[in-house]
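Here's the structure, in structure tokens; my notes come after.
Chain A is the first sequence line, chain B the second, and so forth, proteins listed ahead of strands; every chain is numbered from 1.
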Amino acid sequence: MAKRWEDVEELMDEMVRVDCPPNIATFNTLIAYLCRNGLYEQVHETLSQMPEHGCTPDLRMYATIIDGICKDGHHEVANDILSRMPSYGLKPNVVCYNTVLKGLCSAERWEEAEDLLAEMFQKDCPLDDVTFNILVDFFCQNGLVDRVIELLEQMLEYGCIPDVITYTTVINGFCKEGLIDEAVMLLKNMSTCGCKPNTISYTIVLKGLCRAERWVDAEELISHMIQQGCLPNPVTFNTLINFLCKKGLVEQAIELLKQMLVNGCSPDLISYSTVIDGLGKAGKTEEALELLNVMINKGITPNTIIYSSMASALSREGSTDKVIQMFDSIQDATVRSDAVLYNAVISSLCKRWETDRAIDFFAYMVSSGCMPNESTYTILIRGLASEGLVREAQDLLSELCSRRYRQMLVGGGDYCGGITRMDLPT
DNA sequence: GTAGGGTTAG
């Protein structure tokens with residue numbers, strides 16, 4: 001629609017001509033679209049057109065604008081608009097506050113978030129369950145789990161009801177901090193608050209138990225969840241398969257892959273991907289290739305991740321030709337090669353002392369629009385150096401350094417479309 | 001036509 005803005009303007013003129021003038025709903029639709037796409041010049045323009053149609057921005061429109069601005073990361077502007085709303089005769093509601101609160105939390109600007117909460121109390125704007133969920137998520141994302149139980153209690157005191165996602169967020173926060181026993185306890189206690197854990201809640205705790213290598217507890221929990229009528233889903237299985245593979249227990253992972261079908265789950269792309277990678281890392285490249293074929297025969301199309309696992313496995317066993325063959329075979333397919341895949345190819349060439357070809361590949365990578373990452377440079381620099389091409393290695397190293405410097409410079413921008421100059425009609 | 005949050009693979 002961005003390109004057809006003239007059409008929109010023309011359509012609005014026509015609406016007036018046929019005596020069906022745009023109303024507040026028309027403008028809200030437009031503003032929502034423009035905000036979603038960061039087209040603040042047009043937001044400004046549209047707002048200035050509203051008075052001639054007898055329309056005034058309402059609470060909902062402000063909420064939309066504030067949301068768009070927050071999602072673009074311009075919290076000061078959002079906060080500024082929020083504070084100017086009363087002068088336009090509008091009292092910000094809980095939706096407006098929550099939107100800005102979420103923006104401040106995402107930007108980890110906790111002090112300002114606290115100020116905003118204080119303002120909500122002071123301006124007599126009651127918090128709701130969304131407010132609490134934003135805070136719970138923020139605490140969990142930032143490892144502040146020691147404060148989160150208290151927050152849940154405050155939430156209940158306030159008359160807001162945590163739901164299964166609220167509890168699962170907290171459980172996940174505990175697991176991420178290694179507090180597995182706390183996670184298990186909450187999983188068991190949430191039912192007493194009238195909220196039953198679901199498959200996702202159990203899967204998260206299972207992952208935590210696996211990470212802590214508490215296999216017996218994990219098995220018990222699986223039985224427990226099934227007893228409770230919560231069936232494992234593909235993600236549950238994939239989580240377990242992943243841990244088995246990481247521990248080198250690929251045979252057991254394959255067993256679990258078969259068990260999925262018995263339990264009414266079909267192994268998906270990620271199930272196969274995990275086991276294929278596990279087989280490759282265990283040096284069972286032939287078996288990995290066979291499983292890849294099984295997967296393809298089941299109608300599942302391999303993606304870049306699977307190919308890069310395969311390429312790494314082939315590269316590891318020194319089958320450089322097979323790596324290149326595979327790479328060539330997917331060039332006309334829909335899979336888009338990424339840096340990890342290119343790195344596997346480049347690395348296998350370096351292994352065979354073919355740094356010339358590796359450099360050619362590097363050039364092809366860049367010309368195909370794939371951005372090299374640090375590993376790409378590391379692989380090449382090592383390859384060049386081990387062939388005694390010190391000068392070339394040094395050049396590449398300085399290129400890497402200047403790239404890092406450029407990346408440091410990017411992202412310092414402070415531009416915010418036309419919204420800073422926005423002169424909202426009243 | 002307004003705000004929020006949870007799980008899997010290289």
TODO: Quickly work out the Tyr62(A) OH to dG1(B) C1' distance and round it to whole Å.
DONE: 16 Å
TODO: Give Ile204(A) one of three labels, base, sugar-phosphate or nothing, depending on what nucleic acid heavy atoms sit under 4.0 Å from its own.
DONE: sugar-phosphate
- [ ] Quickly work out the Leu151(A) CG to dG5(B) P distance and round it to whole Å.
- [x] 15 Å
Open item on the list: For a quick test of reading the model, state the closest non-hydrogen atom pair linking Cys160(A) to Leu127(A) and the distance between them.
Closed with: SG-O, 4.1 Å
Task: Heavy-atom pair with the smallest gap, counting every atom of His75(A) and Ala107(A) - done: CE1-CB, 3.3 Å
Task: Pair of N/O donor and acceptor under 3.5 Å linking dG10(B) base with Ser273(A) side chain - done: no
- [ ] May I ask you to say what Thr199(A) touches in the nucleic acid, namely base, sugar-phosphate or nothing, with a heavy-atom cut-off under 4.0 Å?
- [x] nothing
Task: Side-chain-base donor-acceptor pair under 3.5 Å for Thr169(A) and dG6(B) - done: no
Open item on the list: Categorize Val340(A) for me: base, sugar-phosphate, or nothing, with a 4.0 angstrom heavy-atom threshold over every strand shown.
Closed with: base
Open item on the list: Applying a 4.0 Å non-hydrogen cut-off, can you work out what Thr203(A) is touching in the nucleic acid: base, sugar-phosphate, or nothing?
Closed with: base
Task: Rounded distance in Å - CZ (Phe237(A)) to C1' (dA9(B)) - done: 17 Å
Task: Short side-chain N/O contact from Lys246(A) to OP1 or OP2 of dG10(B), under 4.0 Å - done: yes
Open item on the list: Taking the minimum atom-to-atom distance to the side chain of Lys102(A), which one of dT7(B), dT8(B), dG5(B) wins?
Closed with: dG5(B)
Open item on the list: Suppose we call a contact any N or O donor and acceptor under 3.5 Å apart; does that hold for the side chain of Thr99(A) and the base of dA3(B)?
Closed with: no
Open item on the list: Within the 4.0 Å heavy-atom criterion, would you say Thr26(A) contacts the bases, only the backbone, or no part of the nucleic acid?
Closed with: nothing
Open item on the list: Looking at Asn93(A) and dA3(B), is any side-chain donor or acceptor paired with a base atom of the opposite kind under 3.5 Å?
Closed with: no
Task: Spacing between Arg60(A) atom CZ and dT2(B) atom C1', to the nearest angstrom - done: 6 Å
- [ ] Look at all strands and tell whether Asn303(A) reaches a base, only sugar-phosphate, or nothing, counting heavy atoms closer than 4.0 Å.
- [x] base
- [ ] From the options dG1(B), dT7(B), dG5(B), select the nucleotide whose nearest atom is closest to the side chain of Ile24(A).
- [x] dG1(B)
Task: Check ion pair Glu251(A)-Lys284(A) (N to O, under 4.0 angstrom) - done: yes
Open item on the list: Can you list everything that forms a salt bridge (charged side-chain N to carboxylate O under 4.0 Å, His left out) with Arg214(A)? Sequence neighbours excluded, please.
Closed with: Asp181(A), Asp217(A)
TODO: Take the protein atom CG of Leu135(A) and the nucleotide atom P of dA3(B), then report the distance between them rounded to whole Å.
DONE: 18 Å
- [ ] Report the nucleotide, chosen from dA9(B), dG5(B), dG10(B), that has the shortest atom-to-atom distance to any side-chain atom of Ile270(A).
- [x] dA9(B)
TODO: Would you indicate which nucleotide in dA3(B), dA9(B), dT8(B) comes nearest to any side-chain atom of Lys207(A)?
DONE: dT8(B)
Task: Candidate nucleotides dG6(B), dA9(B), dT2(B), ranked by approach to the side chain of Val164(A) - the nearest - done: dG6(B)
Task: Close side-chain approach of Arg316(A) to Thr285(A), heavy-atom, < 4.5 Å - done: no
Open item on the list: Regarding Arg36(A) and Asp72(A), does a basic nitrogen lie under 4.0 Å from an acidic carboxylate oxygen?
Closed with: no
- [ ] Measure across Tyr40(A) and Cys35(A) and return the closest heavy-atom pair with its distance rounded to 0.1 Å.
- [x] OH-O, 4.2 Å
Open item on the list: What is the distance, to the nearest angstrom, from the CZ atom on Phe138(A) to the C1' atom on dA3(B)?
Closed with: 18 Å
TODO: Check every atom of dG6(B), dT2(B), dG1(B) against the side chain of Val95(A) and return the nucleotide holding the closest atom.
DONE: dT2(B)
Open item on the list: Categorize Lys176(A) for me: base, sugar-phosphate, or nothing, with a 4.0 angstrom heavy-atom threshold over every strand shown.
Closed with: nothing
TODO: Please determine if a side-chain N or O atom of Asn172(A) lies less than 4.0 Å away from the OP1 or OP2 oxygen of dT7(B).
DONE: yes
Open item on the list: Whole angstroms only, please: what is the CG-C1' distance between Asn98(A) and dG5(B)?
Closed with: 12 Å
TODO: Go through dG1(B), dG10(B), dG6(B) for me and flag the one nearest to the Gln141(A) side chain.
DONE: dG6(B)
Task: Closest to side chain of Asn238(A), choosing from dA3(B), dT8(B), dG5(B) - done: dT8(B)
TODO: Confirm from the modelled atom types if Ser308(A) and dG10(B) form a donor-acceptor pair under 3.5 Å, side chain to base only.
DONE: yes
- [ ] May I ask you to verify whether the side chain of Asn198(A) and the base of dG6(B) hold a donor-acceptor pair under 3.5 Å?
- [x] yes
Task: Leu341(A) CG - dA9(B) C1' separation (whole Å) - done: 15 Å
